[in-house]
Amino acid sequence: MMESLILNKTEISGLVVERTAKRMKQCFQKMLKDAGTDITVDQWVIIHELHRNNTLSQFEIAKLTFKDAPTVTRIIDLLCKKGLTKRQANKEDRRKFDIILTKKGTRKIEEVQPIVQAFRQQAWANISERKMNQLVETLDLVFKNLEE
């Protein structure tokens, strides 16, 4: 009987995490669209990492954003077409490319940052600092439990 109860809580908690992540992404995407930013959440994640790290390889971007290589390649292609990023030959290995944020990409970061702040305020409204710390701690533990 107790085992059944635990299983149900486990199933429910997994569903709650998944649906919350999807709702957050949908809400943020709507805010980006409504503001006319012409970027997606996935594009934002990549230019944000480039902004934080200056220059990254596609492999490093994939690792930092938890996206597969083909997805990262496709997103970078779109970001390059929009003039937000560019590929640059790696100085140590000319067969590889580094991805860098352009000046236009930096301006896009500045444009989107207030939207990010508004999204976070909406998402985290009515959550105490203590509960937020517990949430982060719990999700970090789940993440570590699933490390390869």
Side-chain angles (χ1 to χ4, degrees), residues 7 9-127 129-148:
L7 182 60
K9 284 184 178 181
T10 303
E11 290 173 347
I12 290 169
S13 61
L15 175 63
V16 169
V17 170
E18 184 176 349
R19 77 170 189 190
T20 302
K22 286 183 179 184
R23 171 74 54 91
M24 289 179 74
K25 188 172 182 178
Q26 290 168 346
C27 180
F28 186 35
Q29 185 60 58
K30 183 178 183 325
M31 291 174 84
L32 290 171
K33 184 178 180 184
D34 290 351
T37 62
D38 190 35
I39 65 167
T40 66
V41 172
D42 291 328
Q43 291 169 6
W44 164 255
V45 168
I46 288 178
I47 65 172
H48 182 255
E49 282 300 330
L50 286 168
H51 181 70
R52 289 175 30 145
N53 294 285
N54 297 322
T55 301
L56 293 168
S57 69
Q58 287 186 202
F59 175 77
E60 291 168 323
I61 291 169
K63 190 173 178 182
L64 286 168
T65 61
F66 301 95
K67 297 185 184 308
D68 60 48
T71 299
V72 169
T73 299
R74 190 172 56 255
I75 294 169
I76 290 170
D77 287 345
L78 290 168
L79 291 170
C80 287
K81 285 180 186 174
K82 292 179 180 186
L84 302 175
T85 61
K86 66 180 180 178
R87 287 182 173 91
Q88 178 176 286
N90 182 285
K91 293 175 185 170
E92 296 170 12
D93 186 346
R94 297 197 54 86
R95 296 170 296 172
K96 295 181 181 178
F97 289 95
D98 293 325
I99 311 303
I100 61 171
L101 198 60
T102 63
K103 287 181 183 178
K104 185 176 179 181
T106 301
R107 288 192 303 273
K108 185 62 73 175
I109 292 283
E110 293 165 1
E111 173 191 347
V112 173
Q113 199 60 50
I115 300 163
V116 171
Q117 293 305 319
F119 167 72
R120 288 178 182 162
Q121 285 179 344
Q122 180 180 347
W124 306 132
N126 304 313
I127 301 175
E129 185 176 346
R130 182 182 64 77
K131 283 190 175 188
M132 181 60 74
N133 289 339
Q134 287 175 334
L135 174 64
V136 170
E137 187 178 304
T138 301
L139 291 175
D140 277 346
L141 184 56
V142 171
F143 186 83
K144 288 176 185 169
N145 288 343
L146 299 174
E147 283 182 334
E148 296 176 0

Looking at residues at least two apart in the chain, or sitting in another chain, which of them share a side chain to side chain contact (heavy atoms under 4.5 Å, CB included) with K96?
N90, D93

Please output the side-chain donor-acceptor pairs of residues 14-24 that fall under 3.5 Å, not counting sequence neighbours, one pair per line with the distance.
residue, atom, partner, partner atom, Å
E18, OE2, K22, NZ, 3.3
T20, OG1, V16, O, 2.6

Can you sort out the partners of Q88 under side-chain hydrogen bond (donor to acceptor under 3.5 Å, both in side chains), two or more places apart, ordered by chain and number?
none

Please report the interatomic distance CD(Q29) to CD1(I39), rounded to the nearest 0.5 Å.
8.5 Å

Should the heavy atoms of other residues, nucleotides or ligands under 6.0 Å from NE2 of H51 be counted, would the total exceed 12?
no

Taking distance alone, no hydrogens or angles, what donor-acceptor pairs closer than 3.5 Å link side-chain atoms of residues 107-125 to residues at least two apart or in another chain?
residue, atom, partner, partner atom, Å
K108, NZ, T37, O, 2.5
K108, NZ, E111, OE1, 3.1

Hey, are the side chains of H48 and V45 touching, using non-hydrogen atoms and a 4.5 Å cut-off?
no

Identify, with sequence neighbours excluded, every residue that meets salt bridge (charged side-chain N to carboxylate O under 4.0 Å, His left out) alongside K25.
D42

What pairs meet the ring pair (Phe, Tyr, Trp, His ring centres under 6.0 Å) rule with one or both residues in residues 58-92, with sequence neighbours excluded?
F66-F143

Distance, nearest 0.5 Å, that separates NZ of K33 from CG of D38
11.5 Å

Is there any side-chain hydrogen bond (donor to acceptor under 3.5 Å, both in side chains) pair reaching into residues 136-147, and which pairs are they, with sequence neighbours excluded?
none

Measure the shortest side-chain to side-chain distance between L32 and T40 over non-hydrogen atoms and say whether it is less than 4.5 angstrom.
no

Sequence-distant partners of R87, salt bridge (charged side-chain N to carboxylate O under 4.0 Å, His left out), two or more places apart
D77

Checking R94 now: which residues fulfil salt bridge (charged side-chain N to carboxylate O under 4.0 Å, His left out) with it, not counting sequence neighbours?
none

State which residues pass side chain to side chain contact (heavy atoms under 4.5 Å, CB included) with K30; sequence neighbours excluded, sorted by chain then number.
D34

Any side-chain heavy atom of N54 sitting closer than 4.5 Å to one from I100?
no

OG1 of T85 to CD1 of I61: how many Å apart, nearest 0.5 Å?
7.5 Å

A quick test of your reading: do over 12 heavy atoms of other residues, nucleotides or ligands sit less than 6.0 Å from NZ of K67?
yes

Going by the rule salt bridge (charged side-chain N to carboxylate O under 4.0 Å, His left out), which residues pair with D68 if we only count those two or more places apart in sequence or in a different chain?
none

d(L84 CG, K104 NZ) to nearest 0.5 Å is 6.0 Å

One should read off an interatomic distance between I99 CD1 and T55 OG1, to the nearest 0.5 angstrom, of 9.5 Å

Side chain to side chain contact (heavy atoms under 4.5 Å, CB included) against L64, all qualifying residues, sequence neighbours excluded:
E49, N53, L56

